[in-house]
Engineer: 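Starting off with a structure, shown below.
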Amino acid sequence: EPIGALVLTHQRGTFAPADATGRPLGDYIVWMDRRGAPICDRLERELGIDYYDRLLHPIQPYTGFSKMIWLEERGHAAPRYLPAQSVHIARLTGAAPACDPSTASFLGPWRPDAAVWDEAMCIQFGMPPERLPTVLPSTTIVGELGDEVARELRLPKGLPVVLGAADGQCAALGAGCTRPGLVMINVGTATGVQAFCATPQRHPTRALNTAPHALPGAFEMEGHTQAAGAAIDWLRALLGNPTPEELVRMAQAAPPGADGVVILPTFNGVSAPVAIPRAAASIHGLHLRHGPAHLARAMLEAICYEARWILGSLESAVGPTDAVVLVGGFARSPRAGQMMADILGVPVQRAETDDAALTGAARLGRMALGLESDDLVRMHDAFEPNPELKEVYDETFARFISAIARERGDETA
């Protein structure tokens, strides 16, 4: 089909030191880089809860701000600090580097409620806002594809280039989560649980962040695990490297609740809905009668228990969930989809594509061109929770939470 526009989506929280024109001066620094952790400790001491109340983000090293300060204080200052979106906008069109609000929220001190960089915070920590990109709506046509880049990419010269949005928010748009009551659960390397919000919301315990949605004018609240697919891959290696689908089939040989085996898949710590950065993974309730099927079942259930834990915390701020849209690795398996519905206790739909971020980016392109975009959202199938499994999963979830509490060193989680 004829190409109507080029749209950008990218890994949020990742940025590059760049020159004044937007050309990178070195490699990208990815969101999972933790060199900013000591700076986060300082932000906690100097700003405390004021940080969350201004930015609607807990203090975490996955955003770019702490790492920018780290670079500045070690003599590696750059004229600009730009996400991949801004770098490519400048190169594709020659326009000034820009980003959308969903990206800004994970880059620096962006205030979602006021739609501005927090200038006072920027200045306090030596990061003038003019060194950050201009922020524009995600459906902005920022320019046209230049001659040289068009030849390199073998795309039409003059093609409209649409700003686009961050990958997590684009995924929610691609999954059709654009009204209150709909929640996206994206199970990839880690799990993200994201609820639509019509207006900016503050989490009651300031544990979960609120950010602009890819959909202009809307917002979302979310929480993340630190390992999901990564934990499953660890178990697969332990069990002789079955394929993911073989692992799911293996798990079916064990009963719901995995006959008492509970796994904490917290290999990289816990970030939501409480922070236990030094938490380790563990297996509870293991006996000689248990085998590979029980471990497989317990690991898949653990991914769902973490999602349920975060979902419950989300609901305390945004209200009850009508339905969940499942994307990412779990969306490839109907058995995993049914397990998620049974453990969450709410209906679960599987998106037709497991890469919903690309669908979301395509929707933004259609919106920018004034075209219909709802028809791009398609569901594969749906699962209703089995009421007969509620008791066993409620009991096992309670044991999961108790194990988290012991890891945290207290009686509640």
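Please read these numbers as outputs of a predicted model, since none were measured by experiment.
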Engineer: Salt bridge between Arg335 and Glu246, side-chain N to carboxylate O under 4.0 Å?
Structural biologist: no
Engineer: Salt bridge or not between Arg80 and Glu130? Use side-chain N to carboxylate O under 4.0 Å.
Structural biologist: no
Engineer: Taking the six-membered ring of Phe397, is the NZ or CZ of Arg308 close enough (under 6.0 Å from the centre) and on axis enough (within 45°)?
Structural biologist: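 Because its charged atom sits under 6.0 Å from the ring centre and within 45° of the axis, Arg308 does stack over Phe397.
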Engineer: Which heavy atom in Tyr81 sits nearest to a heavy atom in Leu107, and how many Å separate them?
Structural biologist: O-CD2, 4.1 Å
Engineer: For the CZ atom on Arg202, are there more than 12 heavy atoms of other groups (residues, nucleotides or ligands in this structure) within a distance under 6.0 Å?
Structural biologist: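 For Arg202, atom CZ is crowded (more than 12 foreign heavy atoms under 6.0 Å).
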Engineer: Taking atom types as modelled, find out whether His88 and Ser86 have a side-chain donor-acceptor pair closer than 3.5 angstrom.
Structural biologist: no
Engineer: Should Met299 and Ile232 be marked as a side-chain contact (heavy atoms from CB on, under 4.5 Å) after you check the CA-CA gap, both sets of side-chain angles, and the distance that decides it?
Structural biologist: CA-CA 7 Å; Met299 182 63 83; Ile232 291 171; 4.1 Å; yes
Engineer: Passes side-chain contact (heavy atoms from CB on, under 4.5 Å), Val135 versus Trp117? Steps please.
Structural biologist: CA-CA 9 Å; Val135 181; Trp117 295 115; 3.8 Å; yes
Engineer: When you compare the side chains of Tyr393 and Glu301, does any donor N or O come within less than 3.5 Å of an acceptor on the partner?
Structural biologist: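 Indeed, the side chains of Tyr393 and Glu301 share at least one donor-acceptor pair under 3.5 Å.
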Engineer: Does the pair Glu395/Arg399 count as a salt bridge with the N-to-O cut at 4.0 Å?
Structural biologist: no
Engineer: Flag yes if more than 12 heavy atoms outside Gln252 fall under 6.0 Å of its CD atom; otherwise flag no.
Structural biologist: yes
Engineer: Would you say the ring centroid of Phe267 lies under 6.0 angstrom from that of Trp234?
Structural biologist: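 Centroid distance Phe267-Trp234: below 6.0 Å, so yes.
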Engineer: When you look at CZ of Arg249, are more than 12 heavy atoms from neighbouring residues, nucleotides or ligands closer to it than 6.0 Å?
Structural biologist: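 Counting other residues, nucleotides and ligands, CZ of Arg249 exceeds 12 neighbours.
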Engineer: Using 0.5 Å steps for rounding, measure from the CZ atom of Phe65 to the OH atom of Tyr51.
Structural biologist: 6.5 Å
Engineer: Taking the side chain as every heavy atom from C-beta outward, state whether Met121 and Arg54 have any atom pair closer than 4.5 Å.
Structural biologist: yes
Engineer: Could you check whether Asp53 pairs with Arg206 (Lys NZ or Arg NE/NH1/NH2 to Asp/Glu carboxylate O, under 4.0 Å)?
Structural biologist: yes
Engineer: Before you tell me yes or no, could you show the steps for Leu344 and Leu311 under side-chain contact (heavy atoms from CB on, under 4.5 Å), namely the whole-Å CA-CA distance, both residues' side-chain angles and the distance that decides it to 0.1 Å?
Structural biologist: CA-CA 8 Å; Leu344 295 181; Leu311 182 63; 4.1 Å; yes
Engineer: Please walk me through it: do Leu173 and Leu364 pass side-chain contact (heavy atoms from CB on, under 4.5 Å)?
Structural biologist: CA-CA 9 Å; Leu173 184 61; Leu364 290 175; 3.6 Å; yes
Engineer: Within 45 degrees of the ring normal and closer than 6.0 Å to the centroid, is that where the cationic atom of Arg179 sits relative to Phe196?
Structural biologist: no
Engineer: What I want to find out is whether Lys67 reaches Glu72 closely enough, with some N-O distance under 4.0 Å, to be called a salt bridge.
Structural biologist: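 Looking at Glu72 together with Lys67, the answer is no, because their closest N to O distance does not fall below 4.0 Å.
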Engineer: Determine the minimum heavy-atom distance between Pro334 and Arg350, stating which atoms define it.
Structural biologist: N-NH1, 3.6 Å
Engineer: If you count every heavy atom of other residues, nucleotides or ligands that lies below 6.0 Å from Glu388 atom CD, does the total exceed 12?
Structural biologist: no
Engineer: Has Thr134 got a side-chain atom pairing as donor or acceptor with Ala98's backbone, closer than 3.5 angstrom?
Structural biologist: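 Checking the backbone N and O of Ala98 against the side chain of Thr134, no donor-acceptor pair under 3.5 Å is found.
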Engineer: Please confirm whether the backbone N or O of Ile89 pairs with a side-chain atom of Thr93, one donor and one acceptor, at under 3.5 Å?
Structural biologist: yes
Engineer: Mind listing the closest non-hydrogen atom pair of Ser66 and Pro61 along with its distance?
Structural biologist: OG-CA, 3.9 Å
Engineer: Is Arg45 paired with Asp41 through a side-chain N to carboxylate O contact shorter than 4.0 Å?
Structural biologist: no
Engineer: In the structure I gave you, are the side-chain heavy atoms of His284 and Ile263 within less than 4.5 Å of one another anywhere?
Structural biologist: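 His284 does not reach Ile263 side chain to side chain.
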Engineer: Can you find a heavy atom in the side chain of Leu215 that is under 4.5 Å from one in the side chain of Thr139?
Structural biologist: no
Engineer: Is the backbone N or O of Ala280 less than 3.5 Å from a side-chain atom of Thr266, with the two atoms forming a donor-acceptor pair by type?
Structural biologist: yes
Engineer: Should the pair Arg289-Asp259 be classified as a salt bridge under the 4.0 Å nitrogen-to-oxygen rule?
Structural biologist: yes
Engineer: Measure the OG1-CG distance between Thr243 and Leu247 for me, rounded to the nearest 0.5 Å.
Structural biologist: 8.0 Å
Engineer: Would you say CD of Glu46 has more than 12 non-hydrogen atoms from neighbouring residues, nucleotides or ligands within 6.0 angstrom?
Structural biologist: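 Yes, because the 6.0 Å sphere around CD of Glu46 holds more than 12 heavy atoms from other groups.
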Engineer: Does either side chain, that of His57 or that of Thr63, offer a donor lying less than 3.5 Å from an acceptor on the other one?
Structural biologist: no
Engineer: For Thr321 and Glu315, test the side chains for any donor-to-acceptor distance below 3.5 angstrom and give the result as yes or no.
Structural biologist: yes
Engineer: Hey, are Asp374 and Arg363 close enough for a salt bridge, meaning a charged N less than 4.0 Å from a carboxylate O?
Structural biologist: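 Yes.
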Engineer: May I ask you to test the Gln60-Cys40 pair for a side-chain heavy-atom distance under 4.5 Å?
Structural biologist: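 No - every pair of side-chain heavy atoms lies 4.5 Å or more apart.
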Engineer: Could you pull out the closest heavy-atom pair between Ala198 and Phe219, with the gap in Å?
Structural biologist: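 Scanning both residues, the minimum pair turns out to be O-CD1, 3.8 Å.
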Engineer: Atom OG1 in Thr210, atom CG in Asp113: separation rounded to 0.5 Å?
Structural biologist: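 Here the interatomic distance stands at 10.0 Å.
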Engineer: May I ask you to test the Gln85-Asp100 pair for a side-chain heavy-atom distance under 4.5 Å?
Structural biologist: yes
Engineer: Considering all heavy atoms of both residues, which atom of Ser373 and which atom of Arg366 are nearest to each other, and what is their separation?
Structural biologist: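 Where Ser373 meets Arg366 most closely, the heavy atoms are CB-CB, 3.9 Å.
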Engineer: Search all heavy atoms of Ala272 against all heavy atoms of Gly223 and return the closest pair with its distance.
Structural biologist: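 Closest approach of Ala272 to Gly223: CB-CA, 4.0 Å.
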Engineer: For a 4.5 angstrom cut-off between non-hydrogen side-chain atoms, does Leu235 reach Leu295?
Structural biologist: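 Yes. Closest side-chain heavy atoms under 4.5 Å.
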Engineer: Assess whether side chain to side chain donor-acceptor pair (under 3.5 Å) is satisfied between Asp19 and Thr21, documenting all intermediate values.
Structural biologist: CA-CA 5 Å; Asp19 65 20; Thr21 69; 2.7 Å; yes
Engineer: Under 30°, 30 to 60°, or over 60°: which ring-plane class applies to Phe400 and Tyr305, parallel, tilted or perpendicular?
Structural biologist: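 Ring orientation of Phe400 relative to Tyr305: tilted.
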Engineer: With a cut-off of 6.0 Å (strictly less than), are more than 12 heavy atoms of other residues, nucleotides or ligands near CZ of Arg35?
Structural biologist: yes
Engineer: Start with the C-alpha gap between His224 and Glu222, add the side-chain angles, then the distance that decides, and say whether side chain to side chain donor-acceptor pair (under 3.5 Å) holds.
Structural biologist: CA-CA 7 Å; His224 317 93; Glu222 61 183 270; 2.3 Å; yes
Engineer: Tell me, do Val325 and Ile185 make a side-chain contact under 4.5 Å, heavy atoms counted?
Structural biologist: no
Engineer: Ignoring hydrogens and geometry beyond distance, is a side-chain donor-acceptor pair present between His213 and Ser102 at under 3.5 Å?
Structural biologist: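 The answer is no; no qualifying pair exists.
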Engineer: With side chains defined as the heavy atoms from C-beta onward, is the minimum distance between Phe106 and Gln11 less than 4.5 Å?
Structural biologist: no
